[in-house]
Amino acid sequence: FIAADTTSSQSPTWRPTWSPDGSYLAYQVNAPSILARDGRLRVVVRDMETGREREMSQGFRTLGTSPMWRPDGRTLLVYGIPAAGKAKTLQLDVADGSASPLPGSQNWKDGCVFPQWSTTSDAVWCLLKDGIVRRQLGSGAEQARVQFERTSANVPLSPDGQWVVFQDKNRTLNLVPAAGGERRELLHLDNANDNCFLTWTPDSRCLLCSKDGQVWRIPVSGGETRKLAIPVKGLRQLSVHPDGKRVAMWVQEPGSEIWVLENFLARAAGAR
């Protein structure tokens with residue numbers, strides 16, 4: 001049932017995310033540094049077949065979210081703060097680890113905060129104070145804007161590019177079309193301090209809400225929200241493999257490492 005495939009790094013690791021074809025796993029590693037009291041965060045990509053790991057050369061401490069894969073699997077988007085200067089977004093080449101700015105982003109007036117790739121790879125979604133905006137690479141032209149109030153930088157787009165999910169000030173998880181339209185309430189969190197980490201299943205049919213070591217599966221088309229039984233303590237975050245049968249987990253108790261569960265979602269679905 002469980003295949004514990006932890007990373008080989010001796011430093012704390014977190015925020016895993018699978019490549020679009022499932023061949024690679026990107027994650028963040030905390031490396032002690034005299035330049036930052038809490039160390040520097042770097043991005044590492046692991047080849048799941050060979051176990052080989054490559055460190056990316058982003059040159060700054062990443063912030064807030066997991067590395068975001070381009071649909072073709074060739075590059076990653078990261079957002080962070082250099083040793084000197086303002087926060088910025090870079091794309092990382094998976095083949096050689098090199099870092100470069102997004103095309104044209106040097107001329108974008110307000111940059112691109114906590115970026116996500118669009119499904120077509122020629123644009124990125126950037127986080128705003130009141131929602132998200134889709135910008136064309138190069139020109140930075142605004143192609144779409146979805147407005148809503150939010151309480152977290154964790155505002156994931158569905159894999160098919162059709163939906164955005166966010167948590168509002170009323171502790172409610174909401175679904176809204178990426179093309180614009182009415183929001184729909186998915187789940188109300190009970191406690192004032194509740195905060196879900198949200199991730200999608202590869203088929204865009206369900207959301208997984210991770211909080212307090214528990215995971216809830218929420219069908220976006222309606223249906224019963226179910227609590228999933230995960231036999232791992234200290235769970236912080238999930239990332240579902242494109243085949244829907246494996247899950248990479250950020251586990252933190254008392255240290256921090258990444259695990260992989262095999263055939264987990266298949267078993268959970270069969271238990272319905």
Side-chain angles (χ1 to χ4, degrees), residues 13-29 40-46 54-82 85-128 131-146 150 152-161 163-166 178 197-200 202 237 239-240 242 248 250:
T13 56
W14 52 79
R15 298 193 182 281
T17 178
W18 295 101
S19 64
D21 65 0
S23 298
Y24 298 92
L25 187 69
Y27 55 89
Q28 297 174 5
V29 177
R40 65 182 180 93
L41 283 173
R42 68 181 191 270
V43 175
V44 173
V45 174
R46 179 183 177 92
R54 180 188 295 278
E55 179 179 342
M56 302 290 103
S57 302
Q58 78 271 17
F60 58 60
R61 184 176 180 83
T62 55
L63 292 174
T65 60
S66 302
M68 307 301 290
W69 286 91
R70 188 173 177 169
D72 62 12
R74 296 180 180 178
T75 60
L76 290 158
L77 282 179
V78 291
Y79 177 72
I81 298 179
K86 297 180 179 179
K88 62 180 180 180
T89 294
L90 291 176
Q91 58 179 346
L92 310 178
D93 189 298
V94 174
D96 62 14
S98 62
S100 61
L102 285 172
S105 61
Q106 301 94 321
N107 300 319
W108 297 358
K109 182 178 180 180
D110 49 359
C112 185
V113 178
F114 298 112
Q116 301 180 64
W117 285 107
S118 72
T119 55
T120 56
S121 297
D122 62 351
V124 290
W125 287 91
C126 308
L127 199 63
L128 306 170
I132 58 173
V133 61
R134 186 176 188 267
R135 291 203 175 104
Q136 183 72 33
L137 294 183
S139 68
E142 182 177 316
Q143 297 180 313
R145 181 182 286 251
V146 185
R150 60 177 180 79
S152 170
N154 180 214
V155 181
L157 287 151
S158 60
D160 63 8
W163 303 97
V164 184
V165 64
F166 66 95
F197 182 89
L198 298 166
T199 188
W200 288 89
Q237 177 185 333
S239 177
V240 185
W250 168 20

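These figures come from a predicted structure and were not determined experimentally.
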Shortest non-hydrogen separation from [X] to [Y] and the atoms involved:
X    : Y    : answer
S19  : P242 : O-CG, 3.5 Å
Q28  : P67  : NE2-CD, 4.0 Å
P71  : W117 : CD-CB, 3.8 Å
L76  : A26  : CD1-CB, 4.0 Å
A178 : G161 : CB-O, 3.4 Å

Where the side chain of [X] meets the backbone of [Y], is there a donor-acceptor pair that is under 3.5 Å apart?
X    : Y    : value
W200 : P156 : yes
Q106 : P101 : no
S66  : T17  : no
W125 : I132 : no

Under the side chain to side chain contact (heavy atoms under 4.5 Å, CB included) test, which residues partner [X], sequence neighbours left out?
X    : answer
T199 : F197, L208, L238
R54  : R52, M56
D93  : A95, D96, S98
S100 : Q91

Going by salt bridge (charged side-chain N to carboxylate O under 4.0 Å, His left out), name the residues that satisfy it together with D122, two or more places apart in sequence or in a different chain.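 If we apply the salt bridge (charged side-chain N to carboxylate O under 4.0 Å, His left out) test to D122, skipping adjacent residues, the hits are R134.
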In chain order, what residues pass the salt bridge (charged side-chain N to carboxylate O under 4.0 Å, His left out) check against R70, with sequence neighbours excluded?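 Scan of R70 (salt bridge (charged side-chain N to carboxylate O under 4.0 Å, His left out), adjacent residues dropped) gives D72.
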Are C126 and V133 side-chain neighbours, meaning at least one heavy-atom pair lies under 4.5 Å? yes
Kindly compute the distance separating [atom1] ([X]) from [atom2] ([Y]), expressed to the nearest 0.5 Å.
X    : Y    : atom1 : atom2 : value
L90  : L77  : CG    : CG    : 9.5 Å
T89  : M68  : OG1   : CE    : 11.5 Å
Q136 : Q143 : CD    : CD    : 4.0 Å
W69  : T75  : CH2   : OG1   : 9.0 Å
L137 : W108 : CG    : CH2   : 5.5 Å
N154 : F114 : CG    : CZ    : 10.5 Å

Which residues share a side chain to side chain donor-acceptor pair (under 3.5 Å) with [X], sequence neighbours left out:
X    : result
S239 : none
R145 : E142
S23  : D21

Would L127 and R150 count as a side-chain contact (heavy atoms from CB on, under 4.5 Å) if you check the C-alpha gap in whole Å, the side-chain angles of each, and the deciding distance to 0.1 Å? CA-CA 10 Å; L127 199 63; R150 60 177 180 79; 3.5 Å; yes
